[in-house]
**Q** 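Here it is, the structure, as structure tokens.
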Amino acid sequence: MKNKILILTPVYKDWNNLDKLLRKINKIFAKEIKSNFDLIIIDDFSNQKVKMNRFKLSKINKIRLITLSKNLGSQRAIALGLKYVRNFYKKNYHILIIDSDGQDNPSGILEMYKKISKKPNHSVVAGRGQRKEVLWFRVFYEIYFNAVKILSFKKIRFGNFSFLNHKDVNLIVSDSNLWNAYPPTLEKNIKNIDFITIDREKRISGDSKMNFFGLGYHALR
């Protein structure tokens, strides 16, 4: 792939998990992809002092940290990050969006990379396979998934884990719906999407910041 590779991740008090995740990603880029990447971290008002030196790994060209002035949630953090990318990178890049807690299995990055390398004008989305969250979350997610399917006639069974080309980034950042929910905005705007199924992993450590009421609010949005 000739285009520059960017990795965008929203973080909310998950710095230790991000550290471990990036080390896994760095190994994949070193051994399999054999390319460097720029890292863009959206700090969703963690209100913690963190030294960026800890994230300087062999395959990371540069790190850009964007600190939000209040907590907005992962969806809006991603929206702001993508608008930043559009303004400062312009074109000739592919961007990987991945959550920082480790639930997006980094082993799927290589398969996504291979697909987008063969079809650079397409974007690749990781459909969610087996989940490893607590039972109440899995049950509520199935209710949410089927409600969206009935009301919108759309089957949206994927999250943030995706690999986009720069043209598709330009499309979605122009849609105000991106402020509320990233996956449906992809479904609405992008025609050429390739899907692969990747099982979810458990959080690397710590408890999820998403509770029952937070998930319900996200679903309604």
Side-chain angles (χ1 to χ4, degrees), residues 6-22 25 37-56 60 62-90 93 95-104 125 128 133-134 136-137 140-141 144 148 156 158-162 164 166 168-189 200 202-221:
L6 317 176
I7 294 182
L8 170 67
T9 183
V11 182
Y12 178 62
K13 298 182 179 180
D14 259 336
W15 300 105
N16 289 334
N17 287 346
L18 177 61
D19 189 10
K20 294 174 182 177
L21 176 66
L22 288 175
I25 293 175
F37 61 91
D38 285 6
L39 175 64
I40 301 163
I41 301 172
I42 311 299
D43 177 8
D44 193 16
F45 195 60
S46 298
N47 199 22
Q48 297 170 331
K49 292 183 178 180
V50 179
K51 294 181 179 179
M52 288 297 106
N53 287 338
R54 67 187 292 190
F55 303 124
K56 286 186 177 180
I60 299 180
K62 61 180 69 173
I63 300 174
R64 299 178 185 270
L65 174 66
I66 301 172
T67 302
L68 306 186
S69 59
K70 62 180 179 178
N71 181 253
L72 297 176
S74 66
Q75 302 296 282
R76 294 178 178 183
I78 289 172
L80 290 171
L82 288 174
K83 288 184 178 182
Y84 171 87
V85 166
R86 181 195 58 180
N87 291 337
F88 288 92
Y89 281 90
K90 304 301 182 183
Y93 65 83
I95 182 166
L96 173 74
I97 293 110
I98 185 169
D99 289 339
S100 59
D101 59 9
Q103 287 186 291
D104 291 336
V125 170
R128 287 174 169 171
E133 292 96 342
V134 295
W136 73 261
F137 188 100
F140 190 79
Y141 181 82
Y144 158 71
V148 170
I156 303 175
F158 59 92
N160 301 329
F161 199 12
S162 52
L164 309 181
H166 75 270
D168 288 340
V169 171
N170 289 336
L171 281 175
I172 63 175
V173 297
S174 299
D175 187 340
S176 60
N177 289 297
L178 181 62
W179 186 248
N180 286 320
Y182 175 73
T185 307
L186 293 189
E187 180 72 29
K188 177 185 174 185
N189 290 279
R200 295 274 281 172
K202 292 182 179 180
R203 284 177 56 87
I204 296 174
S205 64
D207 297 323
S208 174
K209 309 300 186 297
M210 178 69 77
N211 56 31
F212 180 84
F213 296 104
L215 184 60
Y217 178 62
H218 170 66
L220 290 171
R221 282 201 319 198

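In this text the structure is predicted, and so the values were computed from the model without any measurement. Position 1 is the first residue of the sequence, and the numbers go up from there.
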**Q** Rounded to the nearest 0.5 Å, what separation is found between the CD1 atom of Ile40 and the CD1 atom of Ile78?
**A** 12.0 Å

**Q** Name all residues meeting the side-chain hydrogen bond (donor to acceptor under 3.5 Å, both in side chains) criterion together with Asn189; count only those two or more places apart in sequence or in a different chain, and write none if there are none.
**A** Asp175

**Q** If you measure from NE2 on His166 to CG on Leu171, what distance do you get to the nearest 0.5 Å?
**A** 10.0 Å

**Q** Only one of Leu96, Ile66, Val169, Ile42 passes side-chain contact (heavy atoms from CB on, under 4.5 Å) with Leu8; say which it is.
**A** Ile42

**Q** Any chance you could measure Asp14, atom CG, to Ser205, atom OG, to the nearest 0.5 Å?
**A** 7.0 Å

**Q** Checking Lys20 now: which residues fulfil side-chain contact (heavy atoms from CB on, under 4.5 Å) with it, not counting sequence neighbours?
**A** Ile204

**Q** Evaluate the criterion side-chain contact (heavy atoms from CB on, under 4.5 Å) for residue pair Arg76 and Asn180; output intermediate values, then yes/no.
**A** CA-CA 7 Å; Arg76 294 178 178 183; Asn180 286 320; 3.5 Å; yes

**Q** Can you tell me how far apart CD1 (Ile7) and CD1 (Ile60) are? Round to the nearest 0.5 Å.
**A** 7.5 Å

**Q** Would you check if there is a donor-acceptor pair between the side chains of Thr185 and Asn177 at a distance under 3.5 Å?
**A** no

**Q** Identify the heavy atoms of Arg203 and Gln103 that sit nearest to each other, and give their distance.
**A** N-CG, 3.7 Å

**Q** Please list, chain by chain and in numerical order, all residues satisfying side-chain contact (heavy atoms from CB on, under 4.5 Å) with Lys62, sequence neighbours excluded.
**A** Asp38, Arg64, Tyr89

**Q** Identify the heavy atoms of Ser46 and Lys13 that sit nearest to each other, and give their distance.
**A** OG-N, 2.9 Å

**Q** Can you name the residues that form a side-chain contact (heavy atoms from CB on, under 4.5 Å) with Thr67, not counting sequence neighbours?
**A** Asp43, Leu65

**Q** Is Val50 close to Val11 at the side-chain level, that is, under 4.5 Å between some pair of heavy atoms?
**A** no

**Q** Got a sec, which residues hit side-chain contact (heavy atoms from CB on, under 4.5 Å) with Ser74, two or more places apart in sequence or on another chain?
**A** Pro10, Asn160

**Q** So which atom in Thr9 and which in Leu39 form the shortest heavy-atom distance, rounded to 0.1 Å?
**A** CG2-CD1, 4.3 Å

**Q** Go through the structure and list residues passing ring pair (Phe, Tyr, Trp, His ring centres under 6.0 Å) with Phe37, not counting sequence neighbours.
**A** Phe29

**Q** Mind checking salt bridge (charged side-chain N to carboxylate O under 4.0 Å, His left out) for Asp104 and listing every partner two or more places apart, or none if nothing turns up?
**A** Arg200

**Q** For Ser100, check side-chain hydrogen bond (donor to acceptor under 3.5 Å, both in side chains) against everything at least two apart and list the hits.
**A** none

**Q** Compare every heavy atom of Leu68 with every heavy atom of Phe45, then report the nearest pair and how far apart it is.
**A** CD1-O, 3.4 Å

**Q** Nearest 0.5 Å, what's the CG-OH distance between Leu164 and Tyr93?
**A** 8.5 Å

**Q** How would you list, by chain and number, every residue that makes a side-chain hydrogen bond (donor to acceptor under 3.5 Å, both in side chains) with Asn170, sequence neighbours excluded?
**A** none

**Q** Identify the heavy atoms of Asp44 and Leu72 that sit nearest to each other, and give their distance.
**A** OD1-N, 2.7 Å

**Q** Please identify each residue that fulfils ring pair (Phe, Tyr, Trp, His ring centres under 6.0 Å) with Tyr84, with sequence neighbours left out.
**A** Phe88

**Q** If you measure from CG on Asn17 to CG on Leu22, what distance do you get to the nearest 0.5 Å?
**A** 11.0 Å

**Q** Going by the rule salt bridge (charged side-chain N to carboxylate O under 4.0 Å, His left out), which residues pair with Arg54 if we only count those two or more places apart in sequence or in a different chain?
**A** Asp19

**Q** For Ser174, what residues pass the side-chain hydrogen bond (donor to acceptor under 3.5 Å, both in side chains) criterion, not counting sequence neighbours?
**A** none

